[in-house]
Amino acid sequence: MDIRLNNTMSREKEVFKPLTAGEVKLYTCGLTVYNYAHIGNLRAYIFADTLKRMFLFNDYKVNHVMNITDVGHLTGDEDEGEDKMEAGARREGKTVWEIVDFYTKAFFKDLERLRILFPTTTCRATEHVGDMIEMIKKIEANGYTYIAGGNVYFDTSKLPDYGKLARLQLDEDRMRSRVESDPYKRNPFDFVLWFTRYKYTDHAMQWDSPWGRGFPGWHIECSAMSSKYLGESFDIHTGGIDHIPIHHTNEIAQSEAAFGHEWVNYWLHSEFLVIGEGEKMSKSLGNFITLQTLIDMGYDPMDYRYYLLGAHYRKQLAFTFEALDGARNAMKRLKIGIAELKESQSPSAFADPQLLEEFHEAINDDLNTPRALAVLWKVIDSEDLSAGEKLALIEQFDRVLALGLAEVESDTIPGEIEELALQRKQARKDRNWKRADELRDLISEKGYEILDDRDGYKIRKK
RNA sequence: GGCGACGUAGCCAAGGGGUCAAAGGCGGAGGUCUGCAAAAUCUCUACUCAAGGGUUCAAAUCCCUUCGUCGCCUCCA
């Protein structure tokens with residue numbers, strides 16, 4: 001079955017053709033680790049994970065690389081371009097290295113809690129400065145750089161198709177930038193590959209280079225590390241939609257300048273999660289919610305994953321707790337339903353190929369997870385399928401959805417609770433309603449609820 | 001100021017020229033079951049896709065205008 005993906009480069013859904021048959025080389029722009037990831041950031045990684053799982057579902061081998069940015073990001077104009085790491089360190093009275101370590105661990109923990117498959121390779125920018133320097137040398141040798149004010153710049157005017165991803169109109173008059181541009185730049189689109197001069201002389205992260213002691217520009221890390229682990233061209237590059245005009249545009253520029261050929265075949269971008277009065281969630285705006293916040297509020301990470309899967313990754317999603325509650329209720333029903341199926345039967349082989357096909361088509365069509373969830377509900381509610389067939393299908397679906405549905409256990413009920421339930425059954429038989437209700441309350445206090453049905457009762461953990 | 005996206009039921013959200021009198025979930029209403037409660041289950045919940053024009057045999061889907069919302073142009077997922 002074809003896999004169709006929306007390629008930002010063409011702005012169209014294209015049939016996926018791998019460079020190597022049966023294999024996908026995938027690069028995901030990771031997080032800048034100067035603070036906790038917020039749930040908006042995490043949307044991008046759940047998207048990338050769903051993409052990867054879709055390929056695995058299609059029997060592809062996936063070589064997945066994700067970077068961790070731990071150097072070189074300048075903050076915006078408001079605080080005059082201080083390095084984010086440095087700012088984080090000062091804020092918390094720690095060294096930059098401690099900051100990086102702490103937030104990287106926190107990030108990985110979030111990924112795990114969200115059942116995001118860990119990449120084949122994760123790589124830190126600071127551990128690949130040598131690779132970046134080598135790459136800058138290549139770009140320099142190919143004639144795409146100039147040095148001004150102590151920094152090495154990429155000369156965008158040398159690249160005829162600069163800005164092709166974002167379809168930038170390179171008309172300076174129309175680019176009325178809101179920030180004062182770097183006076184050393186020859187062209188407003190040029191960007192720094194290597195810094196040696198900087199307003200803050202006490203920058204903690206510095207390395208020697210042919211151009212002097214300093215640190216790399218932001219964009220070079222992704223180009224250098226992706227080519228190191230995936231080769232000089234690879235299949236897919238993912239990231240948030242905000243990366244299109246600057247970061248990815250510049251990655252393409254420097255990579256194609258260095259390698260002399262097209263670099264990445266498919267660019268996939270996820271849209272933003274927005275919050276409140278339709279405002280994007282962002283660390284610099286300080287309006288962010290972390291996964292831990294949600295957990296503390298009593299949500300399960302899977303509730304959040306379900307919530308995201310309910311919307312297409314290329315649509316902006318306005319976060320509300322009302323909607324998240326809806327997802328949580330849906331998850332609860334799913335888990336209860338599956339636990340009941342498991343009580344009656346274990347997965348059997350004779351699954352309905354039509355529903356599997358429907359599901360497969362949905363995910364292969366540019367990751368249409370909302371439609372995939374609709375198929376899941378169709379299976380749950382089906383009157384034609386046996387419990388075993390349903391479970392078998394759900395197990396398959398969960399390879400992609402990763403909602404932990406395959407792992408749902410039917411509750412084991414302690415003997416004490418069973419005993420109380422039996423007593424209550426007898427009380428009911430005796431029509432001693434008062435006693436029966438007392439026993440129900442007691443069971444409830446112990447964390448279980450008892451549900452009467454036609455033939456008897458069921459006990460469920462609350 | 002420039003560029004881009006979006007506007008589908010109370011809420012979230014698929015669909016993106018005919019199979020649409022528009023998936024699915026949440027919520028809500030009613031019925032069945034029942035000592036009560038809960039659960040379960042069944043039925044109902046958009047004659048309509050922001051508004052107005054246009055193209056077409058045919059439009060939620062294409063084009064134009066207006067209104068509204070958001071994103072990017074600056075570190076950002």
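The chains referred to below are lettered A, B, ... by the order of the sequence lines, with proteins before strands, and numbering in each begins at 1. Computed from heavy atoms alone, side chains included, the values below leave out hydrogens, waters and symmetry copies.
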Inset, instruction - With the side chain of Asp437(A) defined as its heavy atoms from C-beta on, choose the nearest nucleotide among A13(B), G35(B), G27(B). - result: G35(B)
Inset, instruction - Please step through side-chain hydrogen bond (donor to acceptor under 3.5 Å, both in side chains) for the pair Tyr36(A) and Asn41(A), ending with a clear verdict. - result: CA-CA 10 Å; Tyr36(A) 291 106; Asn41(A) 293 325; over 6 Å; no
Legend entry - Candidate nucleotides G35(B), C11(B), A77(B), ranked by approach to the side chain of Glu322(A) - the nearest: C11(B)
Legend entry - Glu251(A) and His237(A): side chain donor to acceptor below 3.5 Å: yes
Inset, instruction - Take the protein atom CG of Asp242(A) and the nucleotide atom P of A5(B), then report the distance between them rounded to whole Å. - result: 17 Å
Inset, instruction - Determine the Euclidean distance between corresponding P atoms of C49(B) and G7(B); express it in Å to zero decimal places. - result: 13 Å
Legend entry - Rounded distance in Å between the P positions of C20(B) and G31(B): 32 Å
Legend entry - Among C42(B), A37(B), A40(B), the nucleotide that comes nearest once only the side chain of Arg333(A) is considered: A40(B)
Inset, instruction - Name the nucleic acid region contacted by Asp325(A), choosing base, sugar-phosphate or nothing; use a 4.0 angstrom heavy-atom cut-off, strictly under. - result: nothing
Inset, instruction - Please state the P separation for the pair C47(B) and A9(B) - nearest whole angstrom. - result: 10 Å
Inset, instruction - Check every strand shown and say whether Ala374(A) touches a base, only sugar-phosphate, or nothing at a heavy-atom separation below 4.0 Å. - result: base
Inset, instruction - For Lys378(A), report the nucleic acid contact type (base, sugar-phosphate, nothing); a contact means any heavy atom under 4.0 Å. - result: nothing
Inset, instruction - Quick one: label Arg435(A) by what it contacts on the DNA or RNA (base, sugar-phosphate, nothing), any heavy atom closer than 4.0 Å. - result: nothing
Legend entry - Atom C1', compared across U34(B) and A23(B): separation rounded to whole Å: 34 Å
Legend entry - C1' spacing across the pair A5(B) / A21(B), given as an integer number of angstrom: 30 Å
Legend entry - Nucleotide nearest Phe272(A) (side chain, heavy atoms from C-beta), chosen from C11(B), G35(B), A77(B): A77(B)
Inset, instruction - Please determine, for the side chain of Tyr307(A), which listed nucleotide (C12(B), C70(B), C36(B)) has the closest atom? - result: C12(B)
Legend entry - Salt-bridge contact Asp366(A)-Arg371(A) (side-chain N to carboxylate O under 4.0 Å): no
Legend entry - Pair Tyr103(A)-Asp70(A), side-chain donor/acceptor within less than 3.5 Å: no
Inset, instruction - Select base, sugar-phosphate, or nothing to describe what Phe47(A) touches, counting heavy atoms under 4.0 Å on all strands. - result: nothing
Inset, instruction - Grab the two heavy atoms, one from Gly30(A) and one from Met66(A), that are nearest each other, plus how far apart they are. - result: CA-CG, 3.7 Å
Inset, instruction - Look at the side-chain N and O atoms of Asn329(A) and state whether any lies under 4.0 Å from the OP1 or OP2 oxygen of G25(B). - result: no
Inset, instruction - Determine the Euclidean distance between corresponding C1' atoms of A46(B) and G1(B); express it in Å to zero decimal places. - result: 40 Å
Legend entry - Pairwise C1' distance, G28(B) and C11(B) [rounded to whole Å]: 11 Å
Inset, instruction - Could you check whether Leu317(A) gets within reach of a base, just the sugar-phosphate, or nothing at all, counting any heavy atom under 4.0 Å? - result: sugar-phosphate
Inset, instruction - Could you tell me which nucleotide pairs with U43(B) by Watson-Crick or G-U wobble geometry, both distances under 3.5 Å, or answer none if nothing does? - result: A29(B)
Inset, instruction - Compare the minimum distances between each of A77(B), G27(B), G71(B) and the side chain of Thr32(A), then state the nucleotide with the smallest one. - result: A77(B)
Inset, instruction - Return the nearest nucleotide to the side chain of Lys315(A); candidates are G16(B), A77(B), C73(B). - result: G16(B)
Inset, instruction - Identify whether any heavy atom of His269(A) sits under 4.0 Å from a base atom; if not, whether one sits that close to sugar-phosphate; answer base, sugar-phosphate or nothing. - result: nothing
Inset, instruction - Ignoring the backbone of Arg371(A), work out which of C42(B), A14(B), C73(B) is nearest its side chain. - result: A14(B)
Inset, instruction - Write down the partner of A5(B) under the Watson-Crick or G-U wobble criteria, each distance required to be under 3.5 Å. - result: U69(B)
Inset, instruction - Can you figure out which of G15(B), A77(B), G35(B) approaches the side chain of Leu273(A) most closely? - result: A77(B)
Inset, instruction - Measure distances between side-chain N and O atoms of Arg440(A) and base N and O atoms of C36(B), and say whether any donor-acceptor pair falls under 3.5 Å. - result: yes
Inset, instruction - For Ser270(A) and for Ala323(A), find the nucleotide of RNA chain B with the closest heavy atom, then tell me which residue's nucleotide is more 5'. - result: Ala323(A)
Inset, instruction - For the side chain of Trp377(A), starting at C-beta, report the closest nucleotide among A14(B), C26(B), A77(B). - result: C26(B)
Inset, instruction - Provide the distance between the two P atoms, one in U65(B) and one in C72(B), to the nearest whole Å. - result: 25 Å
